[in-house]
Amino acid sequence: MATEQRPFQLVVFGASGFTGQFVTEEVAREQVDPERSSRLPWAVAGRSREKLQRVLEKAALKLGRPTLSSEVGIIVCDIANPASLDEMAKQATVVLNCVGPYRFYGEPVIKACIENGASCIDISGEPQFLELMQLKYHEKAADKGVYIIGSSGFDSIPADLGVIYTRNKMNGTLTAVESFLTIHSGPEGLSIHDGTWKSAIYGFGDQSNLRKLRNASNLKPVPLIGPKLKRRWPVSYCRELKGYSIPFMGSDVSVVKRTQRYLYENLEESPVQYAAYVTVGGITSVIKLMFAGLFFLFFVRFGIGRQLLIKFPWFFSFGYFSKQGPTQKQIGAASFTLTFFGQGYSQGIGTDKNKPNIKICTQVKGPEAGYVATPIAMVQAAMTLLNDASDLPQVGGVFTPGAAFSKTKLIDRLNKHGIEFSVISSSEV
């Protein structure tokens, strides 16, 4: 981490974007947190000074902070202008990068941060981008002593830290975890901004390159502890949650596996197998999602199909994604629950020939995932980076949230800010 004094501890890059506005509001809340012992110098950054000024004015109005605009720095910079990114990075201790899709716009920011001694946190849910950045920049970031931490929003802090929390709460050795995500909505339903939709389109359209990237990395297999975790069917019934589920197609599995590899290789911790699912309710929802999924997987294979998916997100996603994003009412009424079912062995029981004899169920619950929980997770990750330096990995690098924060107080910080981790049950079988 940069030890010399810089003008801003945090810089929100892309503050005038859809998600960036919510991150800006969350940093403004953190600035006046009663538990803070000192002021938090911060800035917003983006292409247009006028738009950034409007974002600050809107946040000031929403938070009842009329002087906010005068308390926050403004940095004008552009992805297309590397020199301007360098100038931004030189002024920041930590850059919060909100500009996606990251496969197109993420790398120049990481490059500028590393070269200019700033750490960087993003909220990418794009496995190909995340894995490629680790491959290309881990050693360079380590040499500079800076921390590049991806997937620090709803993708994938609840899952990654949830597995670590479950392991820490088990009285024994955790060997396998399945997680089930349930999204709750109010009377006006759900809506997600089409920026997330675009990232998914480009990611699924480029699956072959992700496979090539993984093959080229030549990583040794992580050892399998306990029985192999069986994959569920594409549509399966979860008895514990009394509903159907499908595999979760986000970045959680990729991120958790990378964390488990890091913890095994660097801290000699027993690796945990992991699978992620999302609950979809009753059979009517299953049929609706199957049709949407088939449409998506067919169209995403062709250039013209991808153009149609991008142009008409509301139609092809059956109303889940839109160019406008959710209304404030939709955001206020939504929440998520991520339930973990883990199994393992009590102390003294060998993992080679015996069946697992402990089960544990934990939960992570929080507010609306994309525009409330994501800013909270991102900003608290940044505060952890600033305040828990002695508990971070000893040298810098490109890390998953779990690899960077497993020994820090991030889970405690999240609990205080409305993303709550809890044990539901734990028992010997």
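In this chain, numbering begins with 1 at the start of the sequence shown.
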Checking Phe296, Phe204, Phe316 against Trp197 for ring-ring contact (aromatic ring centres under 6.0 Å, His included), the one that qualifies is Phe296

ring-ring contact (aromatic ring centres under 6.0 Å, His included) with His193: of Phe18, Trp314, Tyr371, Phe321, only one passes, and it is Phe18

Here the pair of heavy atoms bringing Ile123 nearest to Tyr102 is CG1-OH, 3.2 Å

- Hey, do the aromatic rings of Phe248 and Tyr277 have their centres closer than 6.0 Å? no

Give a yes or no on whether the backbone of Leu229 and the side-chain of Gln273 come within a donor-acceptor separation of less than 3.5 Å. yes

Stepwise, does the side-chain contact (heavy atoms from CB on, under 4.5 Å) test hold for Arg103 with Asp206?
-> CA-CA 11 Å; Arg103 66 169 51 239; Asp206 204 21; 3.3 Å; yes

Open item on the list: Taking atom NZ as the centre, does Lys329 end up with more than 12 heavy-atom neighbours from other residues, nucleotides or ligands that are less than 6.0 angstrom away?
Closed with: no

Whether Arg306 engages the ring of Tyr202 as a cation-pi pair (distance to the six-membered ring centre under 6.0 angstrom, angle to the ring normal within 45°) should be assessed. no

In short, Glu25 meets Leu63 closest at the heavy-atom pair O-CD1, 3.8 Å

Check: Is there side-chain contact between Ser390 and Lys407, with heavy atoms separated by less than 4.5 Å?
Finding: no

Test Ser422 against Ile424 for side-chain contact (heavy atoms from CB on, under 4.5 Å), laying out the working first. CA-CA 6 Å; Ser422 62; Ile424 304 302; 3.9 Å; yes

*Is the number of heavy atoms from other residues, nucleotides or ligands within 6.0 Å of CD (Gln207) greater than 12?*
yes

Side chain to side chain donor-acceptor pair (under 3.5 Å) test vs Thr337 passes for just one of Lys365, His184, Glu420, namely His184

**Message:** Would you say that more than 12 heavy atoms from the other residues, nucleotides or ligands in this model lie under 6.0 Å from the CZ of Phe291, or not?
**Reply:** no

